[in-house]
*Asks:* 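Input: one structure, supplied below.
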Amino acid sequence: MTFLVSVTRKRDCLVVAVLFILCGCFLLVLRFYGLTIPCPWPPDEIVYTQPAENLANGKGMGAPVCDDLLPGIAKRAYLQVPVYFLAVSLWGRTFGFELGALRAFNQCLGVLGLILLFVLARRWGLQPAWALLAVHWTALDIAYQLNSNIARMDALCLIFTLAMLLTFTEGWERSDNRWFLLAGLLGALAILTHLLAVPVVGLLALLLLMQHRWKGLTLFGLPILIGLVLWVSYGAQDWSSFIAQLRATFQRKAERTALQFFAHALMLGGLGNIFALCPSNMPPWISVFGATALMVKRGVFSLQRWKWLALFIAYLTAALNAEMWYLGWFTPFGYLLTVAFLFSLIRLQPMRRTQRVLAVLIALWTMFQSLQVARCLLAVPPLQRTYQQFYAQLERQLPPEGMVVLFCAPDPYFHLRQTRPDLRLYELLPLRMQKTALQRLMDHADAFVFVVWGWAIERDITHFPKHQVQWRTYPMPTAVATYRVAIGIRQGKARRR
């Protein structure tokens, strides 16, 4: 008996050691990326971090960098729910608000996400080796790496969602209503970090309703209701701006054709290359859901129906929103489902031949993932040199004490804020902006730095100012393609020597 306990302890220590090795390697990859990412990322990091910085300095939660491009955004940033602003405000007070420090916050969240994925996989009945495989594949996923290295709220929303599923499982399987209260609190935090969590939270509430667990439903829904009331109360301070900013956010998602909607539902934008911007090692998730749906129907899937349904709702939420950062948000759920599918196959066909075939498939997929990650890592050093040359060029070309409008990838805002404090910097949004405010900004600006890419082509900023503005474009490489950035200087404005 003592021998068995000793073996079990050694095995547990080995599992924990492998988990921390995976997390450590993942963190090293993120640190190697640093301030460089292998694709042009929409320049919205400052939009989501400046409200946190202002809050830490006692100046409210506005984004003056956006001027009045959305109603009231300079005073109150309502375009996103506020928990991320609060979290980054606390982080920034200790570590600062420079880009490296802000991305370090999401890097820590990425590691925490891997740990929570392992714990959830074990709680849902997967053996340690399979749970570690889910963590391994998630850590190698490029979309997840990007999400964990960008100062946005998606990673924090994922943390709260994973923790909510874990605590909800405890309450569901133990019939202990206290866990539902904790799950509701985490669900409220997830929703107030990003509305992406609403469908999954709504599904869990519906499950409790269908099972007539009235006390559990009350405890689960109470924190969510309180959180939403607090959020709406905050919005009521400037109701017209609150509605206008949220409308602008949802309006962008509504501007899609039926074909685009269908492609997004299948998550086709992440196959091959992520929206033609970055190498992708994401599997066709819809095929995994199709195969597991057959297993669920036959009653041979290792996960309960409600768990499969929760993962499917998460898939639909990420797919239909169709942004590259939502692909990374879904990645842990997708690999949890994939590993559960493989685990179910082994239980159905426990022959050695099946095990060997699956072992080969697992090895091949891991090799493919690793090769794609290697492409990204190899692109980092030349990208770093290109970024440095580009930033140095901006420092020289931008006029002294000038007003500069930015919408560029890489976003030079954080760099120019340090090296050119004389400049007045404004950032455009990848949303439908107020035309009068946009025109006023364009008319008064002394210089412009824009990306010439899909976001600009589809938005109002394609009408680059041409009157008395001299434009020059420069190539900007990624790991798989080359796009262009444009620098415009209004004539008569002296450049810095």
*Asks:* Would a 4.5 Å heavy-atom cut-off, applied to side chains only, mark Leu158 and Asn147 as touching?
*Replies:*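 Answer no - side chains too far apart.
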*Asks:* Identify the heavy atoms of Ser344 and Met295 that sit nearest to each other, and give their distance.
*Replies:* CB-SD, 3.7 Å
*Asks:* Pairs of donor and acceptor atoms involving the side chains of residues 189-198, under 3.5 Å and at least two apart or interchain, shall be tabulated with distances.
*Replies:*
{"from": "Thr193", "atom 1": "OG1", "to": "Leu189", "atom 2": "O", "distance (Å)": "2.6"}
{"from": "His194", "atom 1": "ND1", "to": "Leu196", "atom 2": "N", "distance (Å)": "3.0"}
{"from": "His194", "atom 1": "NE2", "to": "Tyr326", "atom 2": "OH", "distance (Å)": "3.2"}

*Asks:* Look up atom OH in Tyr144 and atom CG in Asp154, then write down how far apart they are to the nearest 0.5 Å.
*Replies:*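 CG of Asp154 is found 11.5 Å from OH of Tyr144.
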*Asks:* Are the side chain of Trp91 and the backbone N or O of Ala101 linked by a donor-acceptor pair below 3.5 Å?
*Replies:*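 Yes: the side chain of Trp91 pairs with the backbone of Ala101.
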*Asks:* What are the two closest heavy atoms between Arg31 and Ala104, and how far apart are they?
*Replies:*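 Closest heavy-atom pair between Arg31 and Ala104: NH1-CB, 4.1 Å.
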*Asks:* Which donor-acceptor pairs under 3.5 Å do the side chains of residues 200-227 make with protein atoms, sequence neighbours left out?
*Replies:*
{"from": "Arg213", "atom 1": "NH1", "to": "Trp172", "atom 2": "O", "distance (Å)": "3.3"}
{"from": "Arg213", "atom 1": "NH2", "to": "Trp172", "atom 2": "O", "distance (Å)": "3.4"}
{"from": "Thr218", "atom 1": "OG1", "to": "Trp214", "atom 2": "O", "distance (Å)": "2.8"}

*Asks:* What distance do Arg417 atom CZ and Ile46 atom CD1 have between them, rounded to the nearest 0.5 Å?
*Replies:*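 If we round to the nearest 0.5 Å, Arg417:CZ and Ile46:CD1 are 5.0 Å apart.
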*Asks:* For Phe330 and Tyr315, I'd like to know if the aromatic rings sit close, meaning centre-to-centre distance below 6.0 Å.
*Replies:* yes
*Asks:* Look only at the side chain of Gln372 and the backbone of Ser280, and say whether a donor-acceptor pair between them is shorter than 3.5 Å.
*Replies:*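 Pair found, side chain donor or acceptor close to backbone of Ser280.
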*Asks:* What is the distance from atom CG of Asn281 to atom SG of Cys376, rounded to the nearest 0.5 Å?
*Replies:*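 If I round to the nearest 0.5 Å, the distance is 7.5 Å.
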*Asks:* Return each pair, listed once, that meets salt bridge (charged side-chain N to carboxylate O under 4.0 Å, His left out) where at least one residue sits in residues 237-248; pairs must be two or more places apart or across chains.
*Replies:*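 The answer is none; no pair qualifies.
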*Asks:* Between the main-chain N or O of Ile150 and the side-chain N or O of Asn106, is there a donor-acceptor pair closer than 3.5 Å?
*Replies:* yes
*Asks:* Are the side chain of Tyr78 and the backbone of Tyr234 linked by a donor-acceptor contact shorter than 3.5 Å?
*Replies:*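 Side chain of Tyr78 to backbone of Tyr234: a pair is present.
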*Asks:* Would you check, one step at a time, whether the test side chain to side chain donor-acceptor pair (under 3.5 Å) holds for Trp308 with Thr292?
*Replies:* CA-CA 8 Å; Trp308 181 91; Thr292 52; 2.8 Å; yes
*Asks:* Can you confirm if the aromatic rings of Phe168 and Trp306 lie within a centre distance of less than 6.0 Å?
*Replies:* yes
*Asks:* Quick one: do Arg352 and Gln355 satisfy side chain to side chain donor-acceptor pair (under 3.5 Å)? Show the steps, please.
*Replies:* CA-CA 5 Å; Arg352 286 190 176 182; Gln355 295 175 1; 5.9 Å; no
*Asks:* Going by salt bridge (charged side-chain N to carboxylate O under 4.0 Å, His left out), name the pairs with one or both residues in residues 110-131, residues two or more places apart or in two chains.
*Replies:* Arg123-Glu170, Arg123-Glu173
*Asks:* At what distance, to the nearest 0.5 angstrom, does OG1 of Thr169 lie from CG of Leu120?
*Replies:* 6.0 Å
*Asks:* When the ring planes of Phe85 and Tyr48 are compared, do they come out parallel, tilted or perpendicular, using 30° and 60° as the limits?
*Replies:* parallel
*Asks:* Can you see which heavy atom on Gly62 is nearest to which on Asn54, and at what distance?
*Replies:* O-ND2, 2.9 Å
*Asks:* According to salt bridge (charged side-chain N to carboxylate O under 4.0 Å, His left out), does anything in residues 41-50 pair up with another residue at least two apart or in another chain? List the pairs.
*Replies:* Asp44-Arg152, Glu45-Arg103
*Asks:* Which heavy atom of Lys307 sits nearest to which heavy atom of Leu303, and what is that distance?
*Replies:* CB-CB, 4.2 Å
*Asks:* Main chain of Val65, side chain of Gln50: is a donor-acceptor contact present, judged purely on distance under 3.5 Å?
*Replies:* yes
*Asks:* Measure from the ring center of Phe341 to the ring center of Trp130 and say whether it is less than 6.0 Å.
*Replies:* no
*Asks:* Do Lys59 and Glu53 sit within salt-bridge range, that is, some charged N less than 4.0 Å from a carboxylate O?
*Replies:* no
*Asks:* Is the backbone of Gly328 close enough, under 3.5 Å, to the side chain of Asp141 for a donor and an acceptor to pair up by distance?
*Replies:* no
*Asks:* Check the angle between the aromatic planes of Phe105 and Tyr84 and answer parallel, tilted or perpendicular using the 30° and 60° thresholds.
*Replies:* tilted
*Asks:* Could you measure the distance from the CZ atom of Phe242 to the OG atom of Ser240? Nearest 0.5 Å is fine.
*Replies:*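 Result: 11.5 Å between the selected atoms.
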*Asks:* Gln384 vs Val380, test: side chain to side chain contact (heavy atoms under 4.5 Å, CB included). Steps then yes/no.
*Replies:* CA-CA 6 Å; Gln384 288 176 337; Val380 168; 3.6 Å; yes
*Asks:* Taking all non-hydrogen atoms of both residues into account, name the closest pair between Val300 and Arg347 and its distance.
*Replies:* O-NH2, 4.3 Å
*Asks:* With sequence neighbours left out, what residues match Leu30 under side chain to side chain contact (heavy atoms under 4.5 Å, CB included)?
*Replies:*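 Side chain to side chain contact (heavy atoms under 4.5 Å, CB included) list for Leu30, sorted by chain: Phe26, Tyr33, Gln107, Gln145, Ser148, Asn149.
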*Asks:* What heavy-atom pair brings Ala151 and Thr49 nearest, and what distance separates the two atoms?
*Replies:* CB-CG2, 3.9 Å
*Asks:* CZ of Phe32: more than 12 outside heavy atoms within 6.0 angstrom?
*Replies:* yes
*Asks:* Does Gln80 reach the side chain of Val47, with side-chain heavy atoms less than 4.5 Å apart?
*Replies:*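 Gln80 vs Val47: side chains apart.
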*Asks:* To the nearest 0.5 Å, what is the distance between CG (Leu361) and CG (Leu342)?
*Replies:*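 Result: 8.0 Å between the selected atoms.
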*Asks:* Would you say Ser302's side chain and Ala340's backbone share a donor-acceptor pair under 3.5 angstrom?
*Replies:* yes
